[in-house]
Protein chains: 2
Amino acid sequence: MKARIHITLKNGVLDPQGKATEHALGGLGFGGINDARQGKYIELDLAENDPVKARDTVEAMCQKLLANTVIENYEIDLDE
Amino acid sequence: MKARIHITLKNGVLDPQGKATEHALGGLGFGGINDARQGKYIELDLAENDPVKARDTVEAMCQKLLANTVIENYEIDLDE
């Protein structure tokens, strides 16, 4: 079973990577960008096949290691 | 219009970040991970409202700046 995890900064948390991207795109002539935010994307290939157990495991992984829940949100999508 | 961009390493390209994640999860007692890959996730808020033009612009941004197309793939999703 595959798990796709998006980890993004919470609203209101300064995102210097996103600002740098926005600025660099502006410098290349790409205008019309109101905002840019950058996050992490993790794909896990799990041996677990039960969606409920898999979600619990990935949730625990996010809480313990993958995301800094003080400043980051995470979103988990599972597929076969 | 919002654009969500996933930038991932191509298959076969060594992913040290993913390997480190896999190893660290293993060290915390999370077994059963066959593979972990890590990529970037960028959200852009564009002034452009025409989906065709927006996709062309974001495609050009990926080619010129956001992705290293020698070793990375990118995927663009647009929504209102």
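Keep in mind it's a predicted model, so treat the numbers as computed, not measured.
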Item to complete: Give, for atom CD1 of I7(A) and atom OH of Y41(B), the distance between the pair rounded to the nearest 0.5 Å.
Response: 12.0 Å

Worksheet item: Only one of D35(A), I33(A), N34(A) clears side-chain contact (heavy atoms from CB on, under 4.5 Å) with L46(B); which?
Response: I33(A)

Discussion item. Which one wins on heavy-atom pair count under 4.5 Å against chain B: G32(A), G18(A), G31(A)?
Written reply: G32(A)

Fill in: Side chain, backbone, both or neither of L28(A) within contact of chain B (heavy atoms, under 4.5 Å)
side chain

Discussion item. Measuring from atom NE2 of H6(B) to atom CD of E43(A), what distance do you get when rounded to the nearest 0.5 angstrom?
Written reply: 8.5 Å

Worksheet item: For K64(B), does the NZ atom sit with more than 12 other heavy atoms under 6.0 Å from it, leaving out its own atoms?
Response: no

Discussion item. Can you tell me if K53(A) has over 12 outside heavy atoms packed within less than 6.0 Å of its NZ?
Written reply: no

Worksheet item: Do Y74(A) and V13(A) belong to the same hydrophobic cluster, where Ile, Leu, Val, Met, Phe, Trp and Tyr are linked whenever their side-chain heavy atoms lie under 4.5 Å apart, directly or via other members?
Response: no

Worksheet entry | N11(B) CG: over 12 foreign heavy atoms closer than 6.0 Å | no

Fill in: Among the listed options A60(A), G39(A), A36(A), the residue most often paired with chain B at heavy-atom distances under 4.5 Å
G39(A)

Worksheet entry | Contact class of A3(B) relative to chain A, heavy atoms under 4.5 angstrom | neither

Discussion item. Checking side-chain contact (heavy atoms from CB on, under 4.5 Å) between Q38(A) and each of I5(B), L66(B), L44(B), I42(B), which is the one that passes?
Written reply: I42(B)

Item to complete: For each of Q17(A), K40(A), E48(A), tally heavy-atom pairs with chain B at distances under 4.5 Å, and name the one with the top tally.
Response: K40(A)

Discussion item. Grouping I, L, V, M, F, W and Y whenever their side-chain heavy atoms are under 4.5 Å apart, do M61(A) and L78(A) come out in a common cluster?
Written reply: yes

Item to complete: Report yes or no: do I71(B) and L14(B) belong to one cluster of Ile/Leu/Val/Met/Phe/Trp/Tyr joined by side chain heavy-atom distances under 4.5 Å?
Response: no

Worksheet item: Are V52(A) and V58(A) connected in a single hydrophobic cluster, I mean Ile/Leu/Val/Met/Phe/Trp/Tyr linked by side-chain heavy atoms less than 4.5 Å apart?
Response: no

